[in-house]
Amino acid sequence: MAVEKHLKVTGTSSVSWKDAIVQTVNEASKTIDYLTSVTVLEQKAKINGKKITEYSVDLDLSFVIDRDRD
């Protein structure tokens, strides 16, 4: 039987929302094994003057729990 767990994480980028998503998943995959999916929950941005200076995303990451892990 497979059991999935969900984890809410937030990441940022100065480039784009897509970059924020990619970088956040990349960072999470360094410490979380068996990632299976990502859902974008929210996108936000900080504005300075007339320009977006920071893109932020809230993500729901899913991963399978390894029951045989020591």
Side-chain angles (χ1 to χ4, degrees):
M1 176 174 102
V3 177
E4 258 191 6
K5 187 164 185 163
H6 294 260
L7 181 66
K8 183 178 175 184
V9 296
T10 301
T12 61
S13 169
S14 60
V15 177
S16 67
W17 281 296
K18 180 180 177 181
D19 186 60
I21 294 165
V22 170
Q23 295 301 324
T24 302
V25 170
N26 185 46
E27 281 297 310
S29 70
K30 292 177 183 177
T31 57
I32 302 169
D33 294 329
Y34 313 114
L35 285 174
T36 58
S37 68
V38 59
T39 302
V40 178
L41 301 173
E42 188 171 11
Q43 294 177 310
K44 299 173 271 191
K46 290 185 180 178
I47 299 172
N48 187 358
K50 296 181 180 180
K51 186 174 180 181
I52 294 176
T53 58
E54 184 179 76
Y55 299 85
S56 177
V57 291
D58 291 334
L59 305 176
D60 174 20
L61 295 178
S62 300
F63 58 97
V64 176
I65 296 174
D66 182 0
R67 302 181 95 192
D68 299 324
R69 189 175 190 166
D70 292 332

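Worth knowing before you read on, the calculation uses all heavy atoms, side chains too, and leaves out hydrogens, waters and symmetry mates.
Nearest heavy-atom pair across L35 and A28 is CD1-C, 4.4 Å. I32 and L7 get closest at one heavy-atom pair: CD1-CD2, 3.5 Å. Of all non-hydrogen atoms in T24 and G11, the two that sit nearest each other are OG1-CA, 3.1 Å. Across every non-hydrogen atom of V57 and W17, the tightest pair is CG1-CD1, 3.7 Å.
Both V25 and V9 belong to a common hydrophobic cluster when Ile, Leu, Val, Met, Phe, Trp and Tyr are linked at side-chain heavy-atom distances under 4.5 angstrom.
Rounding to the nearest 0.5 Å gives a distance of 6.0 Å between CD of Q23 and CG of N26. Summarising the geometry, atom CD belonging to E42 is positioned 9.0 Å from atom OG1 belonging to T10; distances are rounded to the nearest 0.5 Å. Considering OG1 of T12 and CG of D19, their distance stands at 9.5 Å, rounded to 0.5 Å. Separating the OG atom in S16 from the OH atom in Y55 is a distance of 7.0 Å, to the nearest 0.5 Å. To the nearest 0.5 Å, atoms NZ (K50) and CG (N48) are separated by 12.5 Å. Summarising the geometry, atom CD1 belonging to I52 is positioned 12.0 Å from atom OG belonging to S14; distances are rounded to the nearest 0.5 Å.
For E4, the side-chain hydrogen bond (donor to acceptor under 3.5 Å, both in side chains) criterion is met by T36, not counting sequence neighbours.
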Next on the checklist: Could you go through S62 and H6, starting from their C-alpha distance and side-chain angles, then the distance that decides it, and tell me whether this counts as side-chain contact (heavy atoms from CB on, under 4.5 Å)?
Outcome noted: CA-CA 5 Å; S62 300; H6 294 260; 2.9 Å; yes

Item to check | V40 vs L59, side-chain contact (heavy atoms from CB on, under 4.5 Å): CA-CA, chis, key distance, verdict | outcome: CA-CA 5 Å; V40 178; L59 305 176; 3.9 Å; yes

Next on the checklist: Please evaluate residues K44 and D58 with respect to the criterion side-chain contact (heavy atoms from CB on, under 4.5 Å), reporting the C-alpha separation (whole Å), side-chain torsions for both, the decisive distance (0.1 Å), and the verdict.
Outcome noted: CA-CA 9 Å; K44 299 173 271 191; D58 291 334; 3.5 Å; yes

